[in-house]
Amino acid sequence: MDTASANRAVEAMVSGGLDVVQMEVPDLNGVLRGKFVAAKKVASGSKSAVCTVLYQFTHADDVWVSEHSSYDNGFPDVLGVPDLSSAIELPWRKGMAAVIYDVNYPDGSPFPLAPRNVLRRVIERFTKTGYTPMFGIEFEAFVFHADREIMQAGRHHDLVSLGRMHHAYRLTQTEEARELGVEFIRRMRSVGITVEVFHTELGHGAVEFALAPAEPLVAADNAARAKCYFRELCAERGLVPTFMAKWKMEESGCGGHVHQSIWKNGENRFRDAATGDFSDVGHKYLAGMLASLPDCGVIFRPTVNSFRRFSVQAWSPENVSWGYDNRSAALRVITYPEPKAYRIEHRVPGADANLYLCLAAMLAGGHNGIINGLVPQQATSGNALKAGDGQRLANNLGDATEIFAASAFCRDYFGAEFVEHYAASRRVELKHWNDWLAGQVTSFELARYFETS
């Protein structure tokens with residue numbers, strides 16, 4: 001965050017120039033939830049009650065219970081603590097600011113289920129390597145003209161897409177997308193978030209935007225805010241976006257790719273200064289991410305729908321693999337156009353993933369690789385699924401969840417309480433799907449059996 005801008009926002013909160021704060025708390029799915037709070041209360045550092053059930057909402061706000069929040073313990077509160085370094089003025093909301101909150105127990109210790117705390121736990125461990133990690137996040141989305149009647153009727157495929165054709169990188173025939181993208185870039189700049197690129201993508205109404213690299217906690221905060229504020233901007237224009245991994249089988253999926261590098265003394269250490277090659281420490285970091293990729297699969301693909309994007313033909317990796325500038329591999333190593341641009345692009349996450357958890361998983365893998373001197377498998381060229389011998393990744397939510405739940409690596413880096421809770425949340429999500437499916441006679445069954453049985 002921009003310290004000077006944050007200080008100005010806090011000063012305006014104290015003086016009354018900003019009188020209401022949008023409290024922002026990342027939930028288990030990476031969505032910002034919260035309250036609207038008197039600005040002077042926030043500026044003083046006053047804490048706010050946060051019900052533990054916030055971490056037991058599904059995407060659709062179904063409530064489930066756990067040992068942390070249930071009828072047995074009365075669904076207790078924990079405390080939201082304003083991180084005033086994240087304070088920003090919202091110029092499009094008169095008199096309003098926004099502040100991201102950490103969540104702690106009453107004794108001040110971090111609440112283990114809060115994704116921001118999970119990421120911070122890994123950051124603290126990685127810091128001991130002496131390197132500073134940087135993350136740049138890309139989101140793909142589809143944008144439509146909002147029609148609540150159609151959506152409430154479950155006819156989402158009948159929505160009219162933004163734009164007139166199926167295209168990518170077009171500068172013509174993009175009138176609405178151009179205006180939306182330009183306003184989004186300017187709006188994000190006004191709150192200290194740099195959108196480096198906005199463009200159309202392959203698909204009716206498809207767009208992509210990329211955020212400037214930042215240190216991990218700031219990068220995750222920026223990503224959560226960018227998604228939230230993009231939705232707000234679209235709503236103001238009578239539009240609705242979706243970040244679903246696969247909203248329609250005939251259309252492209254929505255990725256949430258993450259570019260990353262590590263720095264020391266102002267230099268990108270993924271580049272070997274002597275040879276210009278991808279460095280030894282870069283290979284170790286890479287090897288660590290590859291080693292933990294199967295265990296962390298459910299973090300990168302967190303819903304039933306996430307696995308509909310699972311196809312190397314759609315540039316969504318299916319196995320543990322890496323390659324130089326290879327979009328079919330899980331990890332794409334990029335060594336151009338200049339020394340500071342050397343990086344690894346993690347191509348597994350969808351745009352539906354929780355970026356706090358994704359960055360925690362990637363950073364944990366990189367840390368493990370560096371401290372243990374891991375060596376990566378051979379790089380692949382061509383189709384990574386055919387050319388490599390990498391382990392196949394779990395291709396459904398159930399298997400991915402149980403691999404995660406049993407992972408000693410995940411318990412070590414994220415904490416056993418978080419691993420058990422997150423796995424339980426995915427089992428709940430899968431149960432909702434299975435219960436729905438059990439109550440349907442599908443179009444497949446009707447077409448196949450109606451006249452032939």
Side-chain angles (χ1 to χ4, degrees), residues 1-27 30-51 54 77-104 108 110-111 114-117 119-120 123 135 137 139 179-196 198 209 211-237 355-356:
M1 301 296 176
D2 182 339
T3 302
S5 295
N7 289 339
R8 285 195 297 270
V10 174
E11 289 170 5
M13 289 156 59
V14 172
S15 68
L18 298 171
D19 63 341
V20 177
V21 168
Q22 178 171 287
M23 172 188 185
E24 298 177 338
V25 183
D27 73 3
V31 175
L32 295 180
R33 296 179 183 260
K35 309 173 184 178
F36 299 103
V37 187
K40 289 187 177 181
K41 173 183 171 72
V42 179
S44 70
S46 181
K47 302 175 179 64
S48 293
V50 174
C51 182
L54 183 144
D77 285 340
V78 282
L79 296 178
V81 182
D83 180 352
L84 294 179
S85 71
S86 73
I88 54 175
E89 179 182 357
L90 299 176
W92 61 94
R93 298 276 185 243
K94 185 177 179 180
M96 284 191 63
V99 174
I100 296 175
Y101 276 59
D102 287 311
V103 179
N104 295 335
F111 187 58
R116 211 167 186 249
N117 289 340
L119 175 55
R120 187 179 281 111
I123 291 170
F135 291 89
I137 296 164
F139 284 118
E179 292 178 7
L180 178 67
V182 168
E183 177 60 26
F184 182 58
I185 290 172
R186 290 172 176 163
R187 181 172 286 196
M188 291 302 95
R189 185 189 303 137
S190 75
V191 296
I193 299 174
T194 299
V195 177
E196 292 190 326
F198 186 102
F209 58 86
L211 306 179
E215 293 187 27
L217 193 61
V218 174
D221 287 341
N222 287 350
R225 281 176 156 168
K227 285 181 73 173
C228 180
Y229 300 165
F230 185 68
R231 290 185 185 279
E232 287 186 13
L233 176 60
C234 286
E236 291 169 19
R237 293 172 171 242
L355 267 297
Y356 291 95

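Note that these values count all heavy atoms, side chains included, but never hydrogens, waters or copies made by symmetry.
Separating the CG atom in Leu211 from the CZ atom in Phe139 is a distance of 6.5 Å, to the nearest 0.5 Å. In this structure, CZ in Arg187 is found 10.0 Å from CG in Leu180, a value given to the nearest 0.5 Å. In this structure, the separation between CG on Leu217 and CG on Asp83 is 7.0 Å, given to the nearest 0.5 Å. Between the CD1 atom of Ile88 and the CG atom of Leu18 there is a distance of 11.0 Å, given to the nearest 0.5 Å. The CZ atom of Arg8 lies 10.5 Å from the OG1 atom of Thr3; values are rounded to the nearest 0.5 Å. Atom CE of Met13 and atom CG of Asp19 lie 10.5 Å apart (nearest 0.5 Å).
Asp77 is not listed as a side-chain neighbour of Val50, based on a closest heavy-atom distance of 4.5 Å or more. When side chains are defined from C-beta on, Arg93 counts as touching Glu232, because their heavy atoms get closer than 4.5 Å. Between Tyr356 and Asp221, some side-chain heavy-atom pair lies under the 4.5 Å cut-off.
Closest approach of Tyr101 and Arg116 over heavy atoms only: O-CD, 4.3 Å. Among all heavy-atom pairs drawn from Val21 and Val42, the shortest one is CB-CG2, 3.8 Å. Contact between Arg225 and Ala98 at its shortest, heavy atoms only, is NH2-O, 3.4 Å. Here the closest heavy-atom approach between residue Val78 and residue Asn104 is recorded as CB-O, 3.4 Å. Considering all non-hydrogen atoms of both residues, Pro91 and Ser190 come closest at CG-OG, 3.6 Å. Heavy-atom minimum distance, Pro82 versus Ser46: CD-O, 3.6 Å.
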### Query
Passes side chain to side chain contact (heavy atoms under 4.5 Å, CB included), Trp92 versus Val191? Steps please.
CA-CA 10 Å; Trp92 61 94; Val191 296; 3.7 Å; yes
### Query
Do Leu233 and Glu183 pass the side chain to side chain contact (heavy atoms under 4.5 Å, CB included) test, and can you show the C-alpha distance, the side-chain angles, and the key distance before you say yes or no?
CA-CA 8 Å; Leu233 176 60; Glu183 177 60 26; 3.7 Å; yes
### Task
Apply side chain to side chain contact (heavy atoms under 4.5 Å, CB included) to Gln22 and Leu32, showing your working.
CA-CA 10 Å; Gln22 178 171 287; Leu32 295 180; 5.9 Å; no
### Message
Run the side chain to side chain contact (heavy atoms under 4.5 Å, CB included) test on Tyr229 and Leu90 for me, step by step, so that the C-alpha distance in whole Å, both residues' side-chain angles and the decisive distance to 0.1 Å come before the verdict.
### Response
CA-CA 10 Å; Tyr229 300 165; Leu90 299 176; 3.9 Å; yes
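Side-chain rings of Phe209 and Phe230 approach one another, their centers coming within less than 6.0 Å.
Judged purely by atom type and a 3.5 angstrom limit, Thr194 has no side-chain atom pairing as donor or acceptor with the backbone of Ala212. In this structure, the side chain of Asn222 does not engage the main chain of Ile193 through any donor-acceptor pair within 3.5 Å. The backbone N or O of Ala49 lies less than 3.5 Å from a partner atom in the side chain of Lys35, making a donor-acceptor pair.
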